[in-house]
Every structure is written in C-alpha cells, then in structure tokens.
Protein chains: 2
Amino acid sequence: MAECRRANLGDKHPCRSCAVSARAVCNTLDVQALAELRNQGGEVRLSQGEALFHQGDRADCVFSLTSGIIQLYALLPDGRRQVIAFHFPGEFIGLCGWGDHHCTAEAVSRATLCRFDAARFEQFARRKAELAQSSQHRLTGDLIAAQNRTVLLGRATARERLACFLHDVHHRSQAGAGAGAPGNVIHLPMSRIDIADYLGLTKETVSREFTALRQARTIRSRPGRQLEILDMARICSLAFGTGTFSESALAAL
Amino acid sequence: MAECRRANLGDKHPCRSCAVSARAVCNTLDVQALAELRNQGGEVRLSQGEALFHQGDRADCVFSLTSGIIQLYALLPDGRRQVIAFHFPGEFIGLCGWGDHHCTAEAVSRATLCRFDAARFEQFARRKAELAQSSQHRLTGDLIAAQNRTVLLGRATARERLACFLHDVHHRSQAGAGAGAPGNVIHLPMSRIDIADYLGLTKETVSREFTALRQARTIRSRPGRQLEILDMARICSLAFGTGTFSESALAAL
DNA sequence: CGTTCAGTTGACTAACGTCAAGGGTAGTGG
DNA sequence: CCACTACCCTTGACGTTAGTCAACTGAACG
C-alpha cells in the first residue's frame with residue numbers, strides 16, 4: 001500500500017529511494033501531499049557525534065530519521081548525563097517540544113533526516129487527518145516508552161537493564177532491517193558510555209555486565225560492534241517483557 | 001474566558017459547580033459542545049485505594065480528574081512496584097493507552113472524575129480542533145514529564161529525588177488551589193511507600209531523607225499530612241529545576 | 001612506532017536496601 | 001472515655017549493589 005503510493009513518484013524524486021518510506025510518518029500521504037510537505041523542509045546529514053539540536057534551542061523543526069541512530073540526552077549542571085532515548089530509522093523526532101528543547105539530539109552514527117518546519121507541519125497535519133493521527137500515535141508510543149523506562153530505571157537491576165536494552169535493540173532492528181541481519185545478531189554502534197547513560201549506570205558496570213552475560217554464554221561478541229544473542233530466552237526473562245522503545249507505537253499502527 | 005463560557009450553563013448543570021472547569025480539557029468547549037461531550041460519559045467516584053482501571057484492562061475510556069489524587073503504577077511479576085505518575089485535579093488520564101492499559105490507576109485519596117468513552121472522545125476531537133489540540137498538548141506535557149522523570153531516576157541521588165518531588169507537588173498544588181494554601185505548606189496524602197515507589201527508593205530511605213531535611217530545617221512537618229517548606233531555595237537547588245510533572249503542559253497552554 | 005581512546009578488570013568505597021525493633025496515631029469496640 | 005489494635009512511620013545495625021579510582025589492554029590513527 002505504501003509501496004503503491006511511492007511507485008507513482010518520478011524517478012528523480014528524492015523520496016523514491018527513501019529506505020524507510022514504508023515506516024515513516026510521511027507514508028500516510030499521497031504523492032501530491034508528499035511533495036507539498038517536502039517543499040517545507042530539506043535534508044539534514046549528520047556525522048558521528050554531531051548534534052541535530054541542543055538543550056535550550058528553540059524547537060522550531062521536526063524530523064523524520066531516514067538512516068542512522070540518534071540519541072536524545074539531558075545534561076545536569078554538574079555534568080551528569082542521562083540518555084532519554086535512542087531513535088532508529090523511520091522514527092519521528094521533535095514531537096516532545098513546543099517552546100525550547102529540553103534535551104540535546106546527537107548522532108550516534110552517521111545519520112540522515114528529513115527536516116520540516118514545526119509550525120507548517122502542524123498546519124499541514126490540521127488539513128491531513130491521517131498525518132495528524134499518525135503523529136499522535138507516535139507521540140503516544142513515545143510516552144509509553146518513556147513510562148516503561150521509568151519502571152526500568154526505578155526498579156530494575158543492572159543485569160535486567162542491560163538485558164532489556166539488548167532485547168529492545170534486537171526487536172527494533174528486526175523491525176527496521178527487514179531481511180539482512182541473520183539470526184540474532186544485532187549492531188550496537190553506541191559506546192559503553194552511551195549505553196551506561198541510557199541505563200542509568202556507569203560504563204564500568206555496563207562492561208562488567210556484558211562480561212557476565214558473555215561468560216554465561218548468553219551473548220557473544222562479534223567483530224564490527226556486533227553482538228550475537230545466543231540465549232534469547234534468558235534475555236527475555238531478564239527483561240521481564242518491558243519494551244522501553246517507542247517501537248511499540250509502530251506495531252500498533 | 002473559561003468562566004464566561006460556564007456562566008451560560010443552567011443552574012442545574014453538573015459542570016456548573018466543577019472546581020476544575022477553568023483548567024480541564026473541557027474548558028476549550030462551548031456550552032453546546034460541553035453538553036454533547038457529557039452525554040457520552042458519566043461521573044466516577046473512588047474511595048481511597050480504589051482502582052480506576054487495572055494493568056491489562058482494555059483502555060476504552062478517558063478521564064478528567066475533578067478532585068483527589070490518582071496514582072498510575074506498574075507491577076513487575078515479582079511484586080516490585082513503580083509509580084509512574086501522580087495526577088492532580090484538572091488533569092487528563094487515559095491518553096497513554098490504545099489497546100490495553102500498561103499500568104493501574106488508583107486513588108491516593110478520595111477522588112472524582114468525569115468519564116468519557118475513548119472512541120467517541122476521539123471522534124469528537126476530530127470535529128473540535130480546540131479539543132484535539134488541548135489533548136495533544138496534554139499528551140506532550142505527559143511525555144516531557146516522563147522524560148524528565150527518566151533523568152531523575154537514572155541520575156539523581158535520594159536527596160535530590162525527594163527535593164524534586166516536594167518542589168513539584170508544591171508547584172502543582174499552587175497551580176491547583178489558587179488561593180487557600182498559605183505560604184509554602186503542601187498537602188501530602190500519599191504514603192511513604194507511594195512516594196518511595198514513585199522515586200525508585202524504599203520507604204526507609206524516603207523516611208531517612210525526610211528526617212534529614214527536617215533536621216536541616218529545610219522542611220517542617222505539620223498535622224494532617226501537611227508539610228511546610230521552610231527553605232525553598234534549598235529545595236530548588238537540590239531539585240535542579242527539573243519538573244517531573246505534566247503541569248508544565250498546563251503552563252504552556 | 002608511538003599516541004589516543006574505548007573497553008576491561010581489580011580493589012576499594014559509598015549509597016541505598018534489607019531486616020528488625022520500637023513509637024506514634026487513628027480508628028474500633030467495649 | 002479509655003484500652004486495643006493495626007498500620008504507618010521512624011530508627012538502628014548490617015548487607016549488597018553499583019560507583020569510584022586506577023591500572024592495564026587492545027584497536028585505530030597518524
């Protein structure tokens with residue numbers, strides 16, 4: 001269905017080659033509406049570690065992530081950092097701000113995004129009910145993910161947090177990649193510090209827990225920042241089934 | 001402005017006496033639309049400890065809290081509990097669920113709510129743009145609150161968590177009560193266990209931190225579950241200004 | 001071939017949790 | 001009106017988990 005719509009695009013249309021068109025917000029739009037939406041924005045390319053926006057910036061744009069991984073994080077005055085979310089291709093970024101951004105968005109790996117003017121996007125959504133509904137569903141999904149993370153950070157042990165993280169990354173990269181990734185191998189471009197700041201731990205604790213899982217033959221490290229999950233049942237039982245990613249949102253669409 | 005609309009109501013109209021009409025979702029509606037919305041639902045009264053809905057229940061209703069405090073919490077299979085949010089009068093409950101509720105909603109103190117059928121509310125919102133916008137703002141506010149809580153639970157000490165909690169309750173009850181509450185006295189109907197489960201701590205740790213703040217003359221206990229904040233500056237500096245309640249949403253409306 | 005930085009590991013520490021006992025208070029029934 | 005009870009809160013002693021500090025390893029880069 002989404003494919004049908006895209007088939008009508010001219011060969012030179014940039015959305016033609018978009019890898020996430022079937023999953024992105026814009027997939028609800030017909031060709032003409034898509035063109036109209038595109039006119040409002042442009043493309044953003046980020047290299048690793050580059051920021052999309054900073055905590056305190058005016059939130060005047062929204063973004064659809066087409067490739068790479070983006071992390072949102074907050075910095076406390078004394079330098080403590082908390083990663084609020086990792087965003088994967090096909091997801092929407094910027095819903096959580098009217099006014100000023102309360103967090104920084106930074107590329108974990110090289111990333112590309114479609115940028116839209118926030119006010120015009122909202123105006124556009126008022127006319128296109130499907131778009132409004134789609135972005136509301138994503139917002140709801142983000143809320144549920146954030147609330148689930150609250151449970152994880154408030155009540156789970158270090159082992160459980162890591163298992164939950166691995167479970168979610170696995171789940172989400174399945175959804176994303178379609179084919180390609182064989183079996184239970186996942187790609188983890190984020191550093192131990194990023195993971196630690198996401199899970200409310202230190203890099204040392206994360207490292208120790210990785211070692212423990214490796215020694216229990218639950219996971220195995222692979223070259224190129226890849227990780228194979230050998231005992232998925234074990235991971236699932238440690239993760240007590242709580243998804244902390246907004247992926248749940250996409251599933252329900 | 002909200003008052004003007006309500007002045008047109010008949011004397012017997014139940015919304016006439018609503019204490020939160022100026023702050024609730026329905027405040028955006030004119031008299032006729034209000035009547036129409038009311039026809040879809042009814043009133044719910046809960047005694048202390050009674051549940052509004054349970055984790056796993058079908059999420060087919062949304063609610064506007066008119067009095068009392070509601071807590072949302074998740075239970076893990078082994079009994080660990082995490083309170084996800086406290087909701088205060090004027091706030092909207094149930095946005096976070098299509099499908100099944102992922103948490104339980106329970107009255108901390110005696111509470112009353114307006115109930116609306118979720119599907120019909122949504123349908124209604126499609127026709128009334130103000131309502132849709134208002135509920136979207138509330139949803140966004142809840143997301144920001146949940147994300148801020150992520151920072152608190154991931155990176156703050158016990159002392160900071162408690163200070164942040166007190167700061168937020170103070171802030172929110174100011175917004176709610178209007179006049180009435182003198183100076184910096186707040187009402188805390190929730191138990192130490194509720195607070196502990198909200199802050200990702202144990203009741204003993206919460207109790208010890210209360211004692212420490214009391215001994216430092218930062219707070220003072222008052223009869224009737226009331227608490228006076230003596231040194232607000234100290235509370236604010238410990239709370240590093242992070243609001244964890246969805247109240248921020250209301251402020252921006 | 002050295003430098004740098006991410007990751008790992010070990011020894012020690014601090015913060016919070018656990019377990020257990022005692023005290024205050026409100027509600028209940030004689 | 002006063003005991004009785006139950007529950008919540010507080011406090012102390014001790015245990016455990018994860019944090020801190022520091023050294024070492026190995027891969028990436030110039």
Side-chain angles (χ1 to χ4, degrees), chain A residues 47-49 71 76 78-83 106 108-110 152-166 187-216 219-227 238, chain B residues 47-49 71 76 78-83 106 108-110 152-166 187-216 219-227 238:
Chain A
S47 49
Q48 191 194 3
Q71 59 177 334
L76 300 185
D78 62 357
R80 279 176 289 179
R81 190 178 82 125
Q82 177 65 41
V83 173
E106 187 181 296
V108 171
S109 54
R110 227 139 64 77
L152 194 80
L153 294 172
R155 288 297 175 221
T157 64
R159 180 89 29 108
E160 289 167 337
R161 294 180 199 203
L162 185 56
C164 194
F165 170 71
L166 294 177
H187 184 225
L188 287 180
M190 52 288 273
S191 72
R192 293 296 132 107
I193 293 182
D194 292 339
I195 297 172
D197 286 347
Y198 180 70
L199 298 177
L201 301 168
T202 59
K203 63 181 192 303
E204 291 92 339
T205 300
V206 170
S207 188
R208 277 187 254 269
E209 293 302 333
F210 264 116
T211 303
L213 289 177
R214 220 180 290 125
Q215 285 176 349
I219 59 172
R220 178 162 50 179
S221 294
R222 291 275 185 177
R225 287 183 168 277
Q226 297 217 304
L227 197 116
L238 282 170
Chain B
S47 51
Q48 192 193 3
Q71 59 176 335
L76 300 185
D78 63 356
R80 280 175 288 179
R81 191 176 81 125
Q82 177 66 40
V83 173
E106 187 181 298
V108 170
S109 55
R110 226 141 64 77
L152 194 79
L153 294 171
R155 289 296 177 221
T157 64
R159 179 90 26 110
E160 289 167 337
R161 293 179 200 204
L162 185 56
C164 194
F165 171 71
L166 294 176
H187 184 226
L188 287 181
M190 52 290 273
S191 73
R192 293 293 133 108
I193 293 182
D194 292 339
I195 297 172
D197 286 347
Y198 180 70
L199 298 177
L201 302 169
T202 60
K203 63 183 191 305
E204 292 92 340
T205 301
V206 170
S207 188
R208 278 186 253 269
E209 293 301 333
F210 265 116
T211 303
L213 288 177
R214 218 180 292 122
Q215 285 175 347
I219 60 171
R220 177 162 49 179
S221 295
R222 292 275 185 179
R225 288 184 167 278
Q226 296 217 305
L227 197 116
L238 281 170

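Just so we're clear, the structure is a prediction, and the values are computed from it rather than from any experiment. Chain letters run A, B, ... following the sequence lines, proteins first, then strands; residues in each count from 1.
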For the pair made of [atom1] in [X] and [atom2] in [N], what is the distance, rounded to whole Å?
{"X": "A:L199", "N": "D:dG19", "atom1": "CG", "atom2": "C1'", "answer": "15 Å"}
{"X": "A:K203", "N": "D:dG19", "atom1": "NZ", "atom2": "C1'", "answer": "11 Å"}
{"X": "B:L162", "N": "D:dT10", "atom1": "CG", "atom2": "P", "answer": "11 Å"}
{"X": "A:I193", "N": "C:dT8", "atom1": "CD1", "atom2": "P", "answer": "12 Å"}
{"X": "A:E209", "N": "D:dT16", "atom1": "CD", "atom2": "C1'", "answer": "13 Å"}
{"X": "A:L188", "N": "C:dA6", "atom1": "CG", "atom2": "P", "answer": "17 Å"}
{"X": "B:R192", "N": "D:dT11", "atom1": "CZ", "atom2": "P", "answer": "10 Å"}
{"X": "B:E204", "N": "C:dG22", "atom1": "CD", "atom2": "C1'", "answer": "14 Å"}

Classify the nucleic acid contact of [X] as base, sugar-phosphate or nothing, counting any heavy atom under 4.0 Å across all strands shown.
{"X": "A:S207", "answer": "base"}
{"X": "B:R225", "answer": "sugar-phosphate"}
{"X": "A:G200", "answer": "sugar-phosphate"}

Residue whose closest nucleotide on DNA chain C lies nearer the 5' end, A:F210 versus B:L201: A:F210

Side chain of A:T202 only, please: which of C:dC16, D:dT20, D:dT10 is the nearest? D:dT20

Checking D:dG19, C:dG7, D:dT11 against the side chain of A:R208 (C-beta onward), the nearest is D:dG19

Would you mind reporting whether B:L162 and B:T205 have side-chain heavy atoms less than 4.5 Å apart? no

Report yes if the side chains of A:R155 and B:R81 come closer than 4.5 Å at any heavy-atom pair, otherwise no. no

Looking at A:T205, does any N or O in its side chain come under 4.0 Å of the phosphate oxygens OP1/OP2 on D:dG19? yes

So among A:T211, A:I195, A:I193, A:D194, which one has a side chain to side chain contact (heavy atoms under 4.5 Å, CB included) with A:V206? A:I195

Can you tell me how far the CZ atom of A:R192 sits from the CD atom of A:E209, to the nearest 0.5 Å? 12.0 Å

CG-CE distance between A:D197 and A:M190, expressed to the nearest 0.5 angstrom: 12.5 Å

Residue closer to the 5' end of DNA chain D, A:T157 versus B:R214 (nearest nucleotide): B:R214

